[in-house]
Chemist: 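Before anything else, here's the structure in question.
All values reported here derive from a predicted model rather than from experimental measurement. Residue numbers start from 1 in every chain, and the chains themselves are labelled A, B, ... in the order their sequence lines are given, proteins ahead of strands.
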2 protein chains.
Amino acid sequence: MPASIRDVASHAGVSLGTVSNAINRPEVLAPGTLRRVQKSIDELGFIPNASARKLRAGRTRVVGLMVPDISNPFFTDLAKGVSEAALAGGYVVILCNTDESAEKEQQYLDVLTAQNVEGILVTPARDSIRALARVAEKGIRLVLVDRTSQGLAACSVAFNDLYGGALAIDHLYENGHRKVILLTGSENIPQVAERNRGLREAMNKFPTHDQVELSEIRIDSMTTFASYEAVKLRLESSFDFTGIICGNDLIALGAIRALREKNISIPGDVSVVGYDDIDFAKNAWVPLTSISQPAFELGYAAAELIISECESPERHVHQKIEFQPRLIVRESTGPVALKASKLMIS
Amino acid sequence: MPASIRDVASHAGVSLGTVSNAINRPEVLAPGTLRRVQKSIDELGFIPNASARKLRAGRTRVVGLMVPDISNPFFTDLAKGVSEAALAGGYVVILCNTDESAEKEQQYLDVLTAQNVEGILVTPARDSIRALARVAEKGIRLVLVDRTSQGLAACSVAFNDLYGGALAIDHLYENGHRKVILLTGSENIPQVAERNRGLREAMNKFPTHDQVELSEIRIDSMTTFASYEAVKLRLESSFDFTGIICGNDLIALGAIRALREKNISIPGDVSVVGYDDIDFAKNAWVPLTSISQPAFELGYAAAELIISECESPERHVHQKIEFQPRLIVRESTGPVALKASKLMIS
DNA sequence: TCTCAGGATTGAACCGTTTTAATCTTGTGC
DNA sequence: GCACAAGATTAAAACGGTTCAATCCTGAGA
């Protein structure tokens, strides 16, 4: 039903090859011919069939994006960045939400190769390196997002999680906090592990006579609600800390809620640091101090990387782009207060 | 580089057509042959090339999803529902974030037709009906999401916004609120207009001697921050209301923040009703009473609809699926209090 | 043993592009 | 007026599948 290149050719009174040239290499055509063909294209509303195009030229101009959880605003922003960069480059992105399931990830990998995507932007779950390697063998280019390329010949864009972890603890340390709780996610998630490592390494730099006492609560699902429950439970035993460092902002929001229910003031009694700096953090009841990771930019950069690799593979060389996280100080943190010290005695 | 159907054929010692049959109509093959071909397929890791497939058979198994703002958790959930249903049906979804820009919408529409998607799930911006009609002519099936099909021959899934609006005002009315503020988005957005209409129609049913006094504040961008600013400004003039109805939850969160900064208690002094029941609403500092719209289910239903249309177009008949919103009462609303009445006098 | 029906398999055309080699025009210099 | 180069255009092959008409088997019935 839609107009084909043949329709355009006969409408313009030229051969089919000429129309193709008009589209892909306009400079080889005589100006008059080009104009005539253009006119026919417009009149017929011709849009080249991408499947046929791909079949012949091996180019689909489609990339896949695989994220573990699109409901997390961090990944939402990332996706926005990716699709904006893609659109600008004439590409299109297939969204794959893996729900952190290795099975879904494999399923999507198959679908994406069947669709002949030119590249995949992926935040890999635990250990899908092998599956990814198999995909790479098929000639599909990879960019690892928010994760560095472990032995995989691929580009990567990531944040310096080591540094981010340090940023959080340093901030609390400078404000006098010496008893801190770490609300972390599972260390199976590489980013989480890295941040925690960075945090501990930073602690080693504090003078031995003035150390921070750190205790850890693991929150497996990294959601607001799970965090709320965990902190509520923790507060029932004893309240002996002045700072909380959270694995992400959702966790921080849950913690804040639990604290306020107990009438614990923020930052009067307890300072809270989040991670990701999602939009909701900024507008939370107590605006949240957080580690900002510009997800949109990360996504944009990742998409640009893969597009440039697709456009000129010969002169492409794999690269690692690292973004530095930044500490955004808002009202949820402050200097440790006398009042808090008193509370700690109880 | 990847194995083609020919490779499989020679590997299995059969003709190319037989391999195709093994994939698409296994029942016509002799069991032994089928097994042999299957084995070759597995060994070579053959995945049929979707482009070639489409070219001949006219099927891409790709659908597009166009949403105005993927950062809004409502649309995020929707997208999740869509892609889950798609995956289950062997389809794949291309995500298009239009940022409410008609230009981007057109751009994406072109890309999607070039990609030969079989269908598009779209939440149309203002008046893109004409552009959509043009797409439909090309044989691309449409499902309107969260919007009914105005004269367009297409399926639609939507919420009963009229009812949702009524739900909100009725709830406040029953709790004794008679002075209410409506924090609405632009009425150019059809859903917003519908909700407001439903709200007003419900008000007409109240006895004439006991009416609600409604004043309206328009918040153009429907974000938390915009709402926060608007409400803060409003509170500076006079505080003479006991209830607030919000165009969505983001707006409600902003309003709550502004109220609390003024030490206005919720729901003691003012009750707040949101719309959408996003996840953050439930875990907000004051858990938010909201109108629940199961976005995930909506997306899932929409995707199923379009897939079934694609699979058997002949016996398909366009349908309208309407979901009923539900009122979820949480702590942000309550009966109007004496204290509040007193305040109103000032 | 021969015929024939029916299922299993094959071969070739075709989908809508890109691309390359071949052909057709022009215009220039002698 | 002719040969030839350069530029413009075209024809045909190829991409990797699907599909359908044609062919090949096999076994049953005569």
Chemist: Any base atoms under 4.0 Å from Val14(A), or only sugar-phosphate, or nothing? Heavy atoms, all strands.
Modeler: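 Sugar-phosphate contact only.
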Chemist: Just to confirm, is there a sub-4.0 Å distance from OP1 or OP2 of dC14(C) to any side-chain nitrogen or oxygen of Arg56(B)?
Modeler: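 Arg56(B) to dC14(C) OP1/OP2: no side-chain N or O under 4.0 Å.
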Chemist: Consider the side chain of Leu55(A), meaning its heavy atoms from C-beta on, and name the nucleotide among dA11(D), dG16(D), dG11(C) that approaches it most closely.
Modeler: dG16(D)
Chemist: May I ask you to decide whether Lys54(B) forms a salt bridge with Glu118(B), counting only side-chain N to carboxylate O separations under 4.0 Å?
Modeler: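 Salt bridge between Lys54(B) and Glu118(B), a charged N being under 4.0 Å from a carboxylate O: no.
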Chemist: Is the phosphate of dG17(D) approached by Asn49(B) (side-chain N or O, under 4.0 Å from OP1 or OP2)?
Modeler: no
Chemist: Do His11(A) and Ile41(A) touch side chain to side chain, with heavy atoms closer than 4.5 Å?
Modeler: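 Result no, sub-4.5 Å side-chain heavy-atom pair not found.
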Chemist: Of the candidate nucleotides dT19(C), dT18(D), dT17(C), which contains the atom at the shortest distance from the side chain of Leu16(B)?
Modeler: dT18(D)
Chemist: Which part of the nucleic acid, if any, lies within contact of Thr18(B), taking any heavy atom under 4.0 Å across all strands shown: a base, the sugar-phosphate backbone alone, or nothing?
Modeler: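 Base contact - Thr18(B) has a heavy atom under 4.0 Å of at least one base atom.
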Chemist: Identify which nucleotide among dT18(C), dT9(C), dT9(D) has an atom closest to any side-chain atom of Thr33(B), counting heavy atoms from C-beta outward.
Modeler: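 Per side-chain heavy atoms of Thr33(B), the pick is dT9(C).
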Chemist: Indicate whether OP1 or OP2 belonging to dT17(C) is found under 4.0 Å from a side-chain N or O atom of Ser20(A).
Modeler: no
Chemist: Checking all strands, does Ser51(B) fall into the base, sugar-phosphate, or nothing category for heavy-atom contacts under 4.0 angstrom?
Modeler: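 Nothing, no nucleic acid heavy atom in range.
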Chemist: With distance as the sole criterion, do the side chain of Arg6(B) and the base of dG16(D) form a donor-acceptor contact below 3.5 Å?
Modeler: yes
Chemist: Is it true that the side chains of Tyr108(B) and Glu103(B) contain a donor and an acceptor less than 3.5 Å apart?
Modeler: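 No pair is found: no donor N or O on one side chain lies under 3.5 Å from an acceptor on the other.
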Chemist: Between OH of Tyr91(A) and CD1 of Ile306(A), what distance do you get to the nearest 0.5 Å?
Modeler: 9.0 Å
